Structure formats: C-alpha cells, structure tokens
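Data block below; observations after.
All values reported here derive from a predicted model rather than from experimental measurement. Residue numbers start from 1 in every chain, and the chains themselves are labelled A, B, ... in the order their sequence lines are given, proteins ahead of strands.
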There are 2 protein chains.
Amino acid sequence: MTTLGYAILGLLSREDLSGYDLTRRMAGRVGYFWSARHSQIYPELARLEDGGYVTHSVVEQSERPDKKVYKITAEGLDDLKAWVTQPPVPRPIRDEFTLKAYSVWLADKEEAARLYREEGLRHEEQLAHYEELRAWMQGAWREDLTSTDSPEFATYATLRRGIGYEKEYAEWCRWMADSIERREPSEKRKKSKSGKNGG
Amino acid sequence: MTTLGYAILGLLSREDLSGYDLTRRMAGRVGYFWSARHSQIYPELARLEDGGYVTHSVVEQSERPDKKVYKITAEGLDDLKAWVTQPPVPRPIRDEFTLKAYSVWLADKEEAARLYREEGLRHEEQLAHYEELRAWMQGAWREDLTSTDSPEFATYATLRRGIGYEKEYAEWCRWMADSIERREPSEKRKKSKSGKNGG
DNA sequence: GGCTTATATGTCAAGAGTGACATAGTAAGA
DNA sequence: TCTTACTATGTCACTCTTGACATATAAGCC
C-alpha cells in the first residue's frame with residue numbers, strides 16, 4: 001500500500017467520495033501535508049478496489065455526468081488504523097527554496113533580498129489563511145475539539161502543524177531578508193533576552 | 001537543469017569534489033534541505049559535464065583507488081548565480097507523518113501518544129545536534145558571519161532554517177502527545193498571554 | 001448551433017528518486 | 001591467505017509523480 005492510498009483512505013474514512021471529489025480535496029492538501037492529481041488518484045482507486053480496501057457504486061445524476069462513489073471497507077479501515085500509529089520510514093526533506101539559500105552568497109544582494117521578502121509574504125498570506133480557518137474551526141467545532149477521537153480534532157491538528165510550519169518559514173524569510181539588507185533582524189513576537197544560545 | 005544539478009553546483013562552487021565526496025555531503029543534507037544517493041549523483045555529474053557546467057580531471061592516488069575530481073566552470077557558476085534568486089515553482093509539501101495525524105482520531109490512544117512522543121524526541125535530538133553546530137559555527141566563523149556574501153553565512157543560514165524547522169516540529173509533536181494524553185499542552189518556551197490569536 | 005465552463009473519468013510518456021546489483025583498488029587484521 | 005571495510009564509480013529496474021492528451025455529459029450564454 002502506498003502513502004497516497006492511505007491519504008485516500010483517510011478521506012474515505014470520513015465520507016464517501018467520488019474520484020472527482022477526492023481530487024478536489026487532494027488539491028487543497030489532505031491534512032495540509034499531502035496532495036495528488038487526478039491522474040494519480042484514479043489508478044490508485046482502482047488498485048485500492050482491487051485490494052479490497054474500497055468498493056464503489058455508480059450514482060446516476062440527471063444534471064451532471066454519472067459518477068462512481070467510493071466507500072471504504074472494513075479491511076480498508078483496519079489497515080488505515082494500523083498505519084496511523086506505525087512510525088514512518090524517515091524520508092529526506094527536500095526544499096528547493098532553502099537549498100537556494102545555501103548558494104545565496106553568490107547572489108546579487110538586491111535580488112536576493114526581494115526574493116526573501118516575497119517568499120516571506122507568501123508564507124504570511126498562507127499563515128493568515130490558516131489562522132482564519134483555525135478561528136472558524138474553534139467556533140464551529142468547539143465541543144468536537146475537546147476529544148482527540150473526532151475527525152474534527154484530527155483536521156485541527158494538521159492545521160496546527162500548517163500554522164507552525166508557515167510561521168517558522170515566514171520568520172526565517174524575514175531574518176534572511178533583514179540579514180541581506182544588513183539590518184538587525186526585525187523584532188517581532190520574539191522572546192530572546194537570555195543569550196544562552198549565543199545571540 | 002534539475003534541482004539536483006544545482007545542489008551539486010552549489011557544493012562545487014565552494015570546493016572541487018569527486019562523486020564520492022559529493023555523495024557523502026549529499027547524505028548529510030546539502031544545506032540541510034536536499035539529499036541524494038550516489039546512484040543519482042554519478043549520472044547527474046555526467047549530464048552536468050555534457051552541458052558544460054563542470055569539468056573533471058582524474059587524480060591518481062597511491063593509497064586509494066583513483067578518482068575523478070569535478071570543478072565548476074564559469075558557465076556553471078553563472079547558471080548557479082542566476083538560479084539562486086529565481087523564485088522556485090511552488091511544489092507541494094509531502095509529510096507522511098503529518099498525514100497520519102489526519103487519521104489519528106481512528107487510532108489507539110496509547111499507541112498514538114507513544115508515536116508522537118518518540119517522533120518528538122527524534123526532532124529534539126536533531127535540534128540539539130543543530131544547536132551544537134550553530135555554537136561551533138558562531139565560534140569558528142565569527143567574522144565570516146557578519147557578511148552575507150561568504151559561503152559560511154550561507155551554510156549558517158540553512159542551519160538556522162533547520163533549527164527552526166526541528167523546533168517547530170518537536171513542539172507540535174509535544175502538543176499532539178499532550179492532547180492525546182488529555183493534558184494541558186506543556187508550557188515550554190512559550191509566550192502566549194496576549195490572546196489575539198485565540199489560544 | 002456553437003462556445004465556454006464545470007463535472008466526471010480515464011491513459012500515457014517522461015522525469016525524479018530509490019534500492020539493489022556490479023566492479024575494483026587498497027589497507028588492516030585474523 | 002582470507003576476510004572485512006572503506007574508497008571509488010557505475011548501471012538498472014522499479015516506484016512515485018506530473019503534465020499532457022483524451023473523452024463525455026450537462027448547463028449557461030450568445
């Protein structure tokens with residue numbers, strides 16, 4: 001079973017979906033940390049059905065083309081449950097943007113500063129979007145978020161990770177741009193003061 | 001030109017290296033955010049040489065097998081410089097561990113808590129290692145780090161990103177484990193108090 | 001009727017990356 | 001002498017992922 005397979009099962013464990021619906025959810029990042037295109041999803045659904053992890057039924061629609069709606073099986077759910085607590089084989093992180101920083105000493109300063117400012121803005125925008133989502137979730141899912149065995153909690157948990165990720169990335173971009181422009185790194189929501197880590 | 005090609009050029013812009021040396025550096029994460037195996041590196045070196053980005057000379061060794069030492073060309077360096085400030089096409093983040101969190105509501109609580117505790121420890125260990133490196137760099141490269149056009153600054157910059165990344169990841173794991181064990185998330189190096197972001 | 005857009009499902013070629021296989025020189029130790 | 005380990009360079013089959021190609025229904029609009 002592939003990781004993509006589990007991403008799909010993760011969605012189907014919450015609701016029955018067609019390949020098209022799955023594609024839209026996977027475009028918007030499943031749990032914000034996986035994605036796939038329809039060209040990968042349709043063949044994977046066939047493999048999942050072949051393996052007995054899902055079944056499908058054709059739903060005839062009058063105002064749209066007919067569709068295949070997929071449902072997770074008991075075996076699929078068991079497999080998914082087992083996978084969730086299995087420690088993943090560590091895969092290397094690949095981040096082209098950070099890799100560029102490794103050669104930033106060769107770059108034109110003005111261009112480099114602009115690059116980091118812009119990338120920082122992109123992450124701040126993503127962060128702002130996530131924060132909005134979080135505010136909405138905390139309002140709409142108040143009770144659900146008190147227990148960790150609700151799908152709402154799980155969605156919220158991955159969103160938290162997204163928020164932390166974007167925040168950290170945006171801060172680093174700001175620090176890079178400030179450094180390149182030879183300013184003191186901007187003081188924004190930072191504690192510092194101690195000095196143990198050698199400012 | 002592939003991203004791997006630029007990763008290799010980034011290393012060769014600092015020093016001449018053999019495929020074997022490159023492999024060892026790529027195993028330890030180039031700039032901490034890219035990696036490759038020798039089976040990918042050797043063919044890529046051939047392509048780079050074919051494209052005129054690098055040249056090689058055979059160095060005969062008496063106490064070891066002979067080796068090919070690669071050197072970046074002027075064209076290679078120009079290409080690398082241009083690439084550094086080019087905004088990368090955004091590629092989706094894929095993180096299997098975070099994806100698992102999306103289905104954590106299905107999991108056995110005890111197993112899940114252990115998973116997040118252990119993964120958190122792994123990131124804390126990596127963080128501790130990075131912090132040691134940072135301390136060493138700040139001692140050994142004092143002057144070099146004052147200007148952003150030194151390779152030392154660039155190395156330090158990617159390390160900073162690694163530190164931020166691991167810190168954030170470890171914190172999220174801790175929050176997950178605490179939530180699953182139904183404790184109040186542990187208070188550790190956190191500011192809070194404001195409340196604007198809706199604690 | 002023709003155009004665009006959204007829904008809906010598929011295939012295929014090509015590239016990136018991995019793990020396994022393959023070969024060989026040299027040093028050190030049993 | 002044999003084995004092990006490190007250095008050193010390569011190939012190959014396979015998987016994952018993408019972008020392009022392909023087809024079809026249906027609604028809305030001009």
Side-chain angles (χ1 to χ4, degrees), chain A residues 1-8 11 16-30 33-51 54-70 88-96 99, chain B residues 1-8 11 16-30 33-51 54-70 88-96 99:
Chain A
M1 173 84 81
T2 65
T3 305
L4 174 62
Y6 288 114
I8 291 172
L11 286 165
D16 297 348
L17 293 166
S18 67
Y20 188 78
D21 292 331
L22 280 163
T23 298
R24 282 190 300 192
R25 277 166 180 70
M26 300 281 284
R29 300 210 203 303
V30 192
F33 284 90
W34 207 266
S35 71
R37 311 294 177 123
H38 80 276
S39 56
Q40 207 182 355
I41 290 168
Y42 286 113
E44 186 65 32
L45 280 169
R47 274 190 291 274
L48 287 173
E49 184 149 40
D50 211 55
V54 304
T55 56
H56 86 263
S57 56
V58 176
V59 173
E60 290 177 25
Q61 300 183 116
S62 54
E63 307 191 347
R64 280 163 198 210
D66 298 351
K67 62 179 175 180
K68 297 181 182 177
V69 173
Y70 288 85
V89 280
R91 250 189 273 278
I93 320 152
R94 287 202 175 81
D95 182 332
E96 186 173 357
L99 177 66
Chain B
M1 174 81 83
T2 64
T3 305
L4 174 62
Y6 288 114
I8 291 173
L11 286 165
D16 297 348
L17 293 166
S18 68
Y20 188 78
D21 293 331
L22 280 164
T23 298
R24 282 190 299 192
R25 278 166 180 70
M26 300 281 285
R29 301 212 202 302
V30 192
F33 283 90
W34 205 265
S35 71
R37 311 293 176 122
H38 80 274
S39 57
Q40 207 183 356
I41 290 169
Y42 286 113
E44 185 65 29
L45 279 169
R47 274 190 291 274
L48 287 173
E49 185 150 40
D50 211 55
V54 303
T55 57
H56 87 265
S57 56
V58 176
V59 172
E60 291 179 22
Q61 300 183 114
S62 54
E63 306 192 348
R64 279 161 199 213
D66 299 350
K67 61 179 174 180
K68 297 181 182 178
V69 173
Y70 288 86
V89 280
R91 250 190 272 277
I93 320 153
R94 287 203 174 81
D95 183 331
E96 186 173 358
L99 177 65

Mark up nucleotides 17-30 of chain D, 5' to 3', with B wherever a protein heavy atom is under 4.0 angstrom from a base atom, S wherever such an atom reaches only the sugar-phosphate, and - elsewhere. SBBB----BSS---
[X] [atom1] - [N] [atom2] separation (whole Å):
X	N	atom1	atom2	value
A/I41	D/dC16	CD1	P	15 Å
A/I93	C/dG17	CD1	C1'	16 Å
B/L17	D/dA8	CG	P	11 Å
A/K68	C/dA8	NZ	P	14 Å
A/E44	D/dT15	CD	P	12 Å
A/R91	C/dA16	CZ	P	18 Å
B/M26	C/dG17	CE	P	9 Å

Kindly compute the distance separating CD1 (A/I8) from CE (A/M1), expressed to the nearest 0.5 Å. 9.5 Å
Residues passing the side-chain contact (heavy atoms from CB on, under 4.5 Å) test with B/P65, sequence neighbours excluded, are none
Only counting residues at least two apart or in another chain, list the ones meeting side chain to side chain donor-acceptor pair (under 3.5 Å) with [X].
X	value
A/E49	A/H56
A/Y6	A/D79
A/R47	A/E44

The complete set of salt bridge (Lys or Arg N to Asp or Glu O under 4.0 Å) pairs with one or both residues in residues 57-66 of chain B, sequence neighbours excluded, reads none
Closest to the B/Y20 side chain, choosing from C/dA8, D/dG10, D/dA8: D/dA8
Less than 4.0 angstrom between a side-chain N/O of B/K67 and OP1 or OP2 of C/dG25, yes or no? no
Name the residue closer to the 5' end of DNA chain D, choosing between B/Y42 and A/M1 according to the nucleotide with the nearest heavy atom. B/Y42
